[in-house]
Undergrad: 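First the structure, which I've put down as structure tokens, then a few questions once you've had a look.
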Amino acid sequence: MARRGRDFIARHGETVFNAARRLQGDHLHTPLSRAGFAQADEMGRTLRNTLGVKPKLALWASNTGRALQTLAVIAEHLELDWHGARQDLRLTEIGMGMWGGRYYSDVIGEVGPVVTAEGLLRPAPDGERYDQIAARVSGWLADTDDDPGDRLVIMHGISSRVLRGVMTGGEVHPEFGAPIAAGLPQGSVVAIERGVETVIHTGAGYAPA
């Protein structure tokens, strides 16, 4: 049975790691940059124009600081209580293993390109695979399928692409073994209703993860 309501899926704003071109992955505490806060403001304004003030909207986020900071700004625009948001580890970013926290340039110098032409991160040797991401976000979807009405989900570049791919019934990627939606810059928001995705706002951040 199709879920009742729309899912607004947002990618957090730019962080200090993004600005420094470091592989962020599932690091918990990488705060937003000033550009990231500005992107969160833009998302908040767009969602307020779309949904109005104090919409009936369930709030979800990964447990990372950058997702929760982004949500705080958006919630202020919508005049919703940030403290009412629910967090789930399954919404966090791809785990980058031994590459996590390192500069892109240093890792590329050792192993070659780590970002594909599609803007996808290649998994680290000890990192998380895309089929593992698909399994965890699918588990979250199954556990929350009975959420009533609309909801807002703040998450990350790679994990949101997999979630969106799963929700829209995308084809399995031939190399990475999971459905993966098209990439969107940081600060972007899409709406998915009954398996159909609409881009609500295109952010101004980096397109890769």
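All values derive from a computational prediction rather than experimental measurement.
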Undergrad: Between NE2 of His77 and CG of Leu51, what distance do you get to the nearest 0.5 Å?
TA: 13.5 Å
Undergrad: Given 3.5 Å as the limit, does a donor-acceptor pair link the side chain of Ser62 with the main chain of Met155, or not?
TA: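 Not at all, since once roles are kept as given, no pair shorter than 3.5 Å links the two residues.
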Undergrad: Examine Val199 and Val153 and state if one hydrophobic cluster contains both, with Ile, Leu, Val, Met, Phe, Trp and Tyr joined whenever side-chain heavy atoms are less than 4.5 Å apart.
TA: yes
Undergrad: Please tell me if the side chains of Met43 and Ile154 come closer than 4.5 Å, counting only heavy atoms from C-beta onward.
TA: no
Undergrad: For Arg122 and Val111, run side-chain contact (heavy atoms from CB on, under 4.5 Å): C-alpha distance rounded to whole Å, both residues' side-chain angles, the deciding distance at 0.1 Å, then the answer.
TA: CA-CA 11 Å; Arg122 296 193 183 282; Val111 303; over 6 Å; no
Undergrad: Check for me, please, whether Leu91 and Ile133 land in the same ILVMFWY cluster - side-chain distances under 4.5 Å, paths through other members count.
TA: yes
Undergrad: Look only at the side chain of Trp82 and the backbone of Leu68, and say whether a donor-acceptor pair between them is shorter than 3.5 Å.
TA: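 Indeed, once roles are kept as given, a pair shorter than 3.5 Å links the two residues.
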Undergrad: Side chains of Pro55 and Leu80: does their closest heavy-atom pair fall under 4.5 Å?
TA: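 In short, these two side chains touch, coming nearer than 4.5 Å.
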Undergrad: Is there a side-chain contact between Arg86 and Asp147 in this structure, where contact means two heavy atoms from C-beta onward sitting under 4.5 Å apart?
TA: yes
Undergrad: Between atom OG of Ser33 and atom CD of Glu14, what is the distance when rounded to the nearest 0.5 Å?
TA: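 Here the rounded value is 3.5 Å.
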Undergrad: Do Trp99 and Ile158 share a hydrophobic cluster (ILVMFWY, side-chain heavy atoms under 4.5 Å, transitive)?
TA: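 Shared cluster, yes.
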Undergrad: Under a 4.0 Å N-O cut-off, is there an ion pair linking Arg161 with Glu118?
TA: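 Looking at Glu118 together with Arg161, the answer is no, because their closest N to O distance does not fall below 4.0 Å.
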Undergrad: Starting from the C-alpha separation in whole Å, work towards a yes-or-no answer on side-chain hydrogen bond (donor to acceptor under 3.5 Å, both in side chains) for Thr144 and Arg151.
TA: CA-CA 11 Å; Thr144 62; Arg151 61 187 178 185; 3.0 Å; yes
Undergrad: Is the backbone N or O of Thr15 less than 3.5 Å from a side-chain atom of Asn18, with the two atoms forming a donor-acceptor pair by type?
TA: yes
Undergrad: When you compare the side chain of Val166 with that of Trp140, does any pair of heavy atoms fall below 4.5 Å?
TA: no
Undergrad: Has Arg34 got more than 12 heavy atoms of other residues, nucleotides or ligands less than 6.0 Å from its CZ?
TA: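 At most 12 heavy atoms, drawn from other residues, nucleotides or ligands, come within 6.0 Å of this atom.
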Undergrad: Quick one, Gln24 with Glu93, criterion side-chain contact (heavy atoms from CB on, under 4.5 Å). Give me CA distance, side-chain angles, the key distance, then yes/no.
TA: CA-CA 8 Å; Gln24 193 160 219; Glu93 184 57 302; over 6 Å; no
Undergrad: Within the side chain of Arg48, is there an N or O that forms a donor-acceptor pair under 3.5 Å with the backbone of Glu79?
TA: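 No: the side chain of Arg48 does not pair with the backbone of Glu79.
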Undergrad: Heavy-atom distance under 4.5 Å between the side chains of Asp26 and Glu128, does that happen here?
TA: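 No, their side chains stay 4.5 Å or more apart.
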Undergrad: Please report the C-alpha distance between Glu110 and Arg102 in whole Å, then the side-chain angles of each, then the deciding distance to 0.1 Å, and finally whether the salt bridge (charged side-chain N to carboxylate O under 4.0 Å, His left out) criterion is met.
TA: CA-CA 12 Å; Glu110 293 175 7; Arg102 299 185 62 197; 2.7 Å; yes
Undergrad: Do Leu23 and Leu121 make a side-chain contact, defined as non-hydrogen atoms from C-beta onward lying under 4.5 Å apart?
TA: yes
Undergrad: Might you confirm whether atom CD of Glu76 has over 12 heavy atoms from other residues, nucleotides or ligands at distances under 6.0 Å?
TA: no
Undergrad: First locate atom CG of Asp7, then atom CD of Glu197, and finally report the distance between them rounded to the nearest 0.5 Å.
TA: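 Taking CG in Asp7 and CD in Glu197, the distance rounds to 11.0 Å.
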Undergrad: Should Met98 and Ile108 be regarded as members of a common hydrophobic cluster, given that ILVMFWY residues are connected when their side-chain heavy atoms come within less than 4.5 Å of each other, either directly or indirectly?
TA: yes
Undergrad: Are the side chain of Arg21 and the backbone N or O of Tyr104 linked by a donor-acceptor pair below 3.5 Å?
TA: no
Undergrad: Specify whether Phe17 and His27 have parallel, tilted or perpendicular ring planes, treating 30° as the upper limit for parallel and 60° as the lower limit for perpendicular.
TA: tilted
Undergrad: Please report the interatomic distance OH(Tyr130) to CD1(Ile94), rounded to the nearest 0.5 Å.
TA: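 Reported value, rounded in 0.5 Å steps: 4.5 Å.
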Undergrad: Please give me the minimum heavy-atom distance between Pro179 and Gly170, naming the atom from each residue.
TA: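 Closest approach of Pro179 to Gly170: CB-O, 3.4 Å.
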Undergrad: Treating Ser188 as the side-chain partner and Arg11 as the backbone partner, does any N or O pair qualify as donor plus acceptor under 3.5 Å?
TA: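 No, the answer is negative, given that no donor and acceptor are paired below the 3.5 Å cut-off.
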Undergrad: With a 4.5 Å cut-off on side-chain heavy atoms, are His156 and Thr64 touching?
TA: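 The answer is yes, as the side chains (C-beta and beyond) meet within the 4.5 Å cut-off.
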Undergrad: Is it possible for you to say whether Leu57 and Val73 belong to one hydrophobic cluster, with membership spreading through side-chain heavy-atom contacts below 4.5 Å?
TA: no
Undergrad: Over all heavy atoms of both residues, which pair between Ala178 and Ala134 is shortest? Give the atoms and the distance, please.
TA: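 Taking Ala178 first and Ala134 second, the nearest heavy atoms are CB-CB, 4.0 Å.
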Undergrad: Using atom types as modelled and distance alone, determine if a side-chain donor or acceptor of Gln69 lies under 3.5 Å from a backbone N or O of Leu32.
TA: yes
Undergrad: What are the two closest heavy atoms between Leu71 and Ala85, and how far apart are they?
TA: CD2-CB, 3.4 Å
Undergrad: Looking at CG of Leu120 and CD1 of Ile180, how far apart are the two atoms once the value is rounded to the nearest 0.5 Å?
TA: 5.0 Å
Undergrad: Here's a test for you: under side-chain contact (heavy atoms from CB on, under 4.5 Å), which of Thr46, Leu47, Leu59 qualifies with Ile74?
TA: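 Per the side-chain contact (heavy atoms from CB on, under 4.5 Å) rule, the option paired with Ile74 is Leu47, out of Thr46, Leu47, Leu59.
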Undergrad: Under the side-chain contact (heavy atoms from CB on, under 4.5 Å) rule, what do Ile200 and Arg6 come out as? Steps first, then yes or no, please.
TA: CA-CA 12 Å; Ile200 300 298; Arg6 297 168 292 179; over 6 Å; no
Undergrad: Side-chain contact test, heavy atoms from C-beta onward, threshold under 4.5 Å: evaluate it for Arg22 versus Thr30 and give yes or no.
TA: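 No; the side chains remain at least 4.5 Å from each other.
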Undergrad: OG1 of Thr50 to CG of Leu78: how many Å apart, nearest 0.5 Å?
TA: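 Going from OG1 on Thr50 over to CG on Leu78, the span is 9.5 Å.
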Undergrad: State which residues pass side-chain hydrogen bond (donor to acceptor under 3.5 Å, both in side chains) with Asp131; sequence neighbours excluded, sorted by chain then number.
TA: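 Asp131: side-chain hydrogen bond (donor to acceptor under 3.5 Å, both in side chains) contacts with Arg129.
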